[in-house]
Undergrad: 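If you scroll down you'll find the structure; I have some questions about it.
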Protein chains: 2
Amino acid sequence: MTAEDNKGPARQGGAARRRLQMADVARLAGVSVSTVSRALSGSELVNPETRERIAALARELNYSINLGAKNLRLQRSHIIGVVIPYDAASRQHITDPFFLSMLGGLADAITDRGYDMLLSRVDAENLDAAARLVDSGLAVGVVLIGQWRHHDQLNMLAARKLPIVVWGAQLPQQLYCTVGGDNLLGGRVATAHLLAQGRRRIVFLGDPQLPEVERRLEGYRAAHAAAGVAVHNELLLAVPFEADAARSTIGQLMASGVAFDAVLGCSDLLAITAIRELRERGTEVPREVAVVGYDDMPLAQYCDPPLSSVHQPVSEAGVQLVDALLALLRGEAVPPRMLDVELVVRRSSSA
Amino acid sequence: MTAEDNKGPARQGGAARRRLQMADVARLAGVSVSTVSRALSGSELVNPETRERIAALARELNYSINLGAKNLRLQRSHIIGVVIPYDAASRQHITDPFFLSMLGGLADAITDRGYDMLLSRVDAENLDAAARLVDSGLAVGVVLIGQWRHHDQLNMLAARKLPIVVWGAQLPQQLYCTVGGDNLLGGRVATAHLLAQGRRRIVFLGDPQLPEVERRLEGYRAAHAAAGVAVHNELLLAVPFEADAARSTIGQLMASGVAFDAVLGCSDLLAITAIRELRERGTEVPREVAVVGYDDMPLAQYCDPPLSSVHQPVSEAGVQLVDALLALLRGEAVPPRMLDVELVVRRSSSA
DNA sequence: ATGAAAGCGCTAACAC
DNA sequence: GTGTTAGCGCTTTCAT
């Protein structure tokens, strides 16, 4: 091992070894760096034998190409940024299992396509930070999970030509590309199912200020209309995606004496919380109140009673989000995509 | 806007705009690139007025420094790799909520320290891929979640001086740094609690081939010993962290007529699955069988009955893992760290 | 206080 | 088929 010179900026602290570079491999192989470069990228230009010899040497040395240098030269990176906005006030954790699941799906999809995934939490009020990922050349584009109320900000980012795809609902005059579940359908089938069970006073649990929830509420109304059943506004409960809020809201509703015989929660967490609160107050699920959740996380089938829920295709979502982004990067016009959802009926809503 | 030359390699496809660079800012500000560089890094060398003027200009132009170039020059990156090994055979999703939660904690900790987080799924049988992240200069170090049975492989990576920190149990002759919950303690307090409730035949649900589970089992034994209660080997059920496996294993146990009055599951998922299976077969929880889980995920408190569980400090874990890695990078010797766990008693295990 | 120039590790013309 | 060379966009001596 020749460890000749050691000029250049300060090296990384203790645990790090001098990083091998292409020149080292070239020297050891007795060829030039260009040949190594070509060999390692599988170029046809280099003699097959030489290529194999170099590849073997590189492997043996545990050499891997410096991606920073490569990307700088090539003017591109292979990193996709995944951004989950957080509420700066509470600085709270990513807590909803749905987001977390999504992450899993995205990680797989991104890896499969030969990219790496950079996960970034950014202040929801300052989504410009997402643009930084791209402006700095770190990532080629951004997948944003959590449309929330940031439609306008997202539009501004898209206007700046930031390659971005958002998980969420399609909105009028939207400049950015969305991929999302069919919320109208989801809300409708869940509600129709409850109506078909003879339920007539169905609580809707979710904040319709959020575009996705708003669509689900529309589905809820549509199902009522189709069945000729009136919607009761006092059953529309605008709670955020938080267990505590759901709990106290349901509690208040019960205390206030408003009657209801079903609950449609806009997430499994909301639905499960509702079930718990109902039981705590002596109400039987599903006999007295049927409950349907949304997202169909794995836990839905393992809770008690197993929770009926509108299944969102998380893996598929990951794939679609990534593919949409890559298409965007190729300069294609990418229309919003809507993914099929499906009601999975379990015991929480059926006799 | 002068858009002078456009030489150099192919530019990114359609959606991308020509990326602004320091030279542009310099030209617009009427100074040299060195001055811009200095101004943007807050150097004292540059005139405060100039500095502010340049900063304002950069902000206005939405300019951000090209991190690839910067890092290449500086010989370091600000990315921490987070690796979750997957089983190549099943190619399965990250499914356990605990892992996912951990991701949230890590994302926060990494962001707080001014790093970015690169999430990477690698084949569990080929953890060398984790080393690539560092060898390629992409990441400065790796946090690996999922020690599984890969102790030897991890040791090899550490022997290669890869800066790596692993979430898991401390093992003899371990070359790599671990951060983990106090599994011995967790197993002990959970078991002691059940014994204190008068339970005498406690099922242990978890695969002791995994180091963490093995420690928990030791705790289980220790608690028994301390209480002078015999351990029954037929109650030690080596199931992996999968709901289906747990379900069928519990089912078989019940079918086989082996008596038991409590279950200690090594994850909340396992415990919840057990509860469900028990109820399905007409056994009351907690009256006939008390159940305690592990991890204390948010869902534990919202399932029915609320699940007693050994709480793992997920946020704290993220912080400790990252801090350990950074210490490693500074060349410090970092001893394994063990985090306190705490039993949270809920209705699933108390009358 | 500011500028000129070298070079981080790589790829791709362009020579041979 | 292989080597030489010129940058990719930055930071940082070194000069002024």
Side-chain angles (χ1 to χ4, degrees), chain A residues 4-12 16 18-27 29-54 58 61 63-78 134-138 140, chain B residues 4-12 16 18-27 29-54 58 61 63-78 134-138 140:
Chain A
E4 299 171 347
D5 51 352
N6 185 18
K7 54 192 175 185
R11 294 224 318 287
Q12 209 176 48
R18 160 146 155 38
R19 236 196 285 289
L20 221 47
Q21 48 187 83
M22 211 174 252
D24 299 317
V25 180
R27 194 158 19 76
V31 296
S32 73
V33 281
S34 5
T35 303
V36 176
S37 173
R38 283 190 273 253
L40 260 30
S41 64
S43 159
E44 294 297 328
L45 286 169
V46 57
N47 185 312
E49 289 167 26
T50 326
R51 200 195 314 166
E52 186 40 50
R53 190 164 53 83
I54 293 176
L61 293 170
Y63 167 74
S64 16
I65 288 188
N66 182 316
L67 289 177
K70 175 175 180 163
N71 291 344
L72 178 57
R73 175 64 231 229
L74 261 29
Q75 308 258 75
R76 53 138 194 61
S77 97
H78 266 162
V134 175
D135 287 337
S136 70
L138 233 194
V140 288
Chain B
E4 300 171 348
D5 51 351
N6 185 21
K7 55 192 176 185
R11 294 222 321 287
Q12 208 177 47
R18 161 143 152 42
R19 235 196 286 289
L20 221 48
Q21 46 187 83
M22 211 173 255
D24 300 316
V25 180
R27 193 160 18 77
V31 295
S32 74
V33 281
S34 352
T35 302
V36 175
S37 173
R38 282 190 274 251
L40 260 30
S41 63
S43 161
E44 293 297 327
L45 285 169
V46 58
N47 186 311
E49 291 167 24
T50 327
R51 198 195 314 165
E52 187 39 52
R53 190 163 54 84
I54 294 177
L61 293 171
Y63 168 75
S64 14
I65 288 187
N66 182 316
L67 290 179
K70 175 175 180 162
N71 291 344
L72 178 57
R73 173 65 230 230
L74 261 29
Q75 307 259 78
R76 53 138 193 63
S77 96
H78 267 301
V134 175
D135 288 336
S136 70
L138 233 194
V140 287

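Numbered from 1 within each chain, the chains take letters A, B, ... in sequence-line order.
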Undergrad: Would you mind reading off the distance between A:Ile54 atom CD1 and D:dG1 atom C1', rounded to a whole angstrom?
TA: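 Taking CD1 of A:Ile54 and C1' of D:dG1, I get 11 Å after rounding.
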Undergrad: Assign each of B:Gly30 and B:Ala69 to its nearest nucleotide of DNA chain C by heavy atoms, then name whichever residue's nucleotide is nearer the 5' end.
TA: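 So the residue in question is B:Gly30.
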Undergrad: Using whole Å, report how far CZ of A:Arg73 lies from C1' of D:dC8.
TA: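 Rounded to whole Å, this separation is 6 Å.
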Undergrad: Whole angstroms only, please: what is the CG-C1' distance between A:Asp24 and C:dG9?
TA: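 The answer, rounded to whole Å, is 11 Å.
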Undergrad: Rounded to whole angstrom units, what separation is found between the CZ atom of A:Arg76 and the C1' atom of C:dA12?
TA: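 About 13 Å, once rounded to whole Å.
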Undergrad: CG of B:Leu45 versus P of D:dT16: gap in Å, rounded?
TA: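 The answer, rounded to whole Å, is 18 Å.
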Undergrad: Roughly how many Å is it from CD1 in B:Ile65 to C1' in D:dT11, rounded to a whole number?
TA: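 Atom CD1 in B:Ile65 sits about 9 Å away from atom C1' in D:dT11.
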Undergrad: Test side-chain contact (heavy atoms from CB on, under 4.5 Å) on B:Leu40 and B:Tyr63; report intermediate values, then the result.
TA: CA-CA 11 Å; B:Leu40 260 30; B:Tyr63 168 75; 3.6 Å; yes
Undergrad: With no hydrogens and no angle check, do the side chains of A:Ser32 and A:Ser34 hold a donor and an acceptor under 3.5 Å apart?
TA: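 Present: a donor and an acceptor within the cut-off.
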Undergrad: Over how many whole Å does the gap from A:Leu72 atom CG to D:dG9 atom P extend?
TA: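 That distance rounds to 7 Å.
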Undergrad: Tell me whether the side-chain N/O atoms of A:Gln21 come closer than 4.0 Å to OP1 or OP2 in C:dG9.
TA: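 Checking C:dG9 against A:Gln21, a side-chain N or O does come within under 4.0 Å of OP1 or OP2.
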Undergrad: With a 3.5 Å cut-off and heavy atoms only, can you find an N or O donor on one side and an acceptor on the other between the side chain of B:Thr50 and the base of C:dA1?
TA: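 Donor-acceptor pair under 3.5 Å: no.
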Undergrad: side-chain contact (heavy atoms from CB on, under 4.5 Å) for A:His78 and A:Asn71? Distances and angles first, verdict last.
TA: CA-CA 8 Å; A:His78 266 162; A:Asn71 291 344; 5.6 Å; no
Undergrad: Counting only side-chain heavy atoms from C-beta out, which of D:dT2, C:dA12, D:dG9 sits nearest to B:Asn66?
TA: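 In terms of side-chain proximity for B:Asn66, the closest of D:dT2, C:dA12, D:dG9 is D:dG9.
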Undergrad: Is A:Thr35 touching bases, backbone alone, or none of the nucleic acid, heavy atoms closer than 4.0 Å?
TA: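 Since only primed, P, OP1 and OP2 atoms lie under 4.0 Å of A:Thr35, the category is sugar-phosphate.
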Undergrad: For the atom pair CG (B:Asp135) and CD1 (A:Ile65), what is the distance rounded to the nearest 0.5 Å?
TA: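 Answer rounded to 0.5 Å: 12.5 Å.
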Undergrad: Give the nucleotide from the list C:dG9, C:dG3, C:dC14 with an atom nearest to the side chain of A:Arg38.
TA: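 Output: C:dC14.
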Undergrad: Considering heavy-atom distances to DNA chain D, does A:Val33 or A:Arg51 have its closest nucleotide positioned more toward the 5' end?
TA: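 Whichever sits nearer the 5' end wins; that is A:Arg51.
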Undergrad: Backbone N or O of B:Ser64 within a donor-acceptor pair of the A:Ser136 side chain at under 3.5 Å?
TA: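 Checking the backbone N and O of B:Ser64 against the side chain of A:Ser136, no donor-acceptor pair under 3.5 Å is found.
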Undergrad: Where the side chain of A:Arg19 meets the backbone of B:Val134, is there a donor-acceptor pair that is under 3.5 Å apart?
TA: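 Yes; at least one donor-acceptor contact below 3.5 Å.
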Undergrad: Return no unless some side-chain N or O of B:Gln75 is found under 4.0 Å from OP1 or OP2 of C:dG9.
TA: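 True: B:Gln75 side-chain N/O within range (under 4.0 Å) of C:dG9 OP1/OP2.
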Undergrad: Find the distance A:Met22:CE to C:dA12:P and express it as a whole number of Å.
TA: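 Result: 10 Å.
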Undergrad: From the list C:dG7, D:dT2, C:dA1, which nucleotide is the closest neighbour of the side chain of B:Asn47?
TA: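 Closest nucleotide among those given: C:dA1.
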Undergrad: Between B:Ser37 and D:dC10, does any side-chain N or O lie under 4.0 Å from OP1 or OP2?
TA: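 Looking at the OP1 and OP2 atoms of D:dC10, neither is under 4.0 Å from any side-chain N or O of B:Ser37.
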Undergrad: Mind checking if B:Leu67 touches a base, just sugar-phosphate, or nothing, with heavy atoms under 4.0 Å?
TA: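 It contacts nothing in the nucleic acid.
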Undergrad: Is the phosphate of C:dC10, meaning OP1 or OP2, less than 4.0 Å from a side-chain N or O of A:Tyr63?
TA: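 Result: yes.
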Undergrad: Return the nearest nucleotide to the side chain of B:Leu74; candidates are C:dT11, D:dG3, D:dT12.
TA: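 When the side chain of B:Leu74 is considered, D:dT12 is the closest of C:dT11, D:dG3, D:dT12.
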Undergrad: Is there, by distance only and without an angle test, a donor paired with an acceptor across the side chain of A:Ser32 and the base of D:dT4 below 3.5 Å?
TA: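 Counting by modelled atom types and ignoring angles, no donor-acceptor contact under 3.5 Å is found here.
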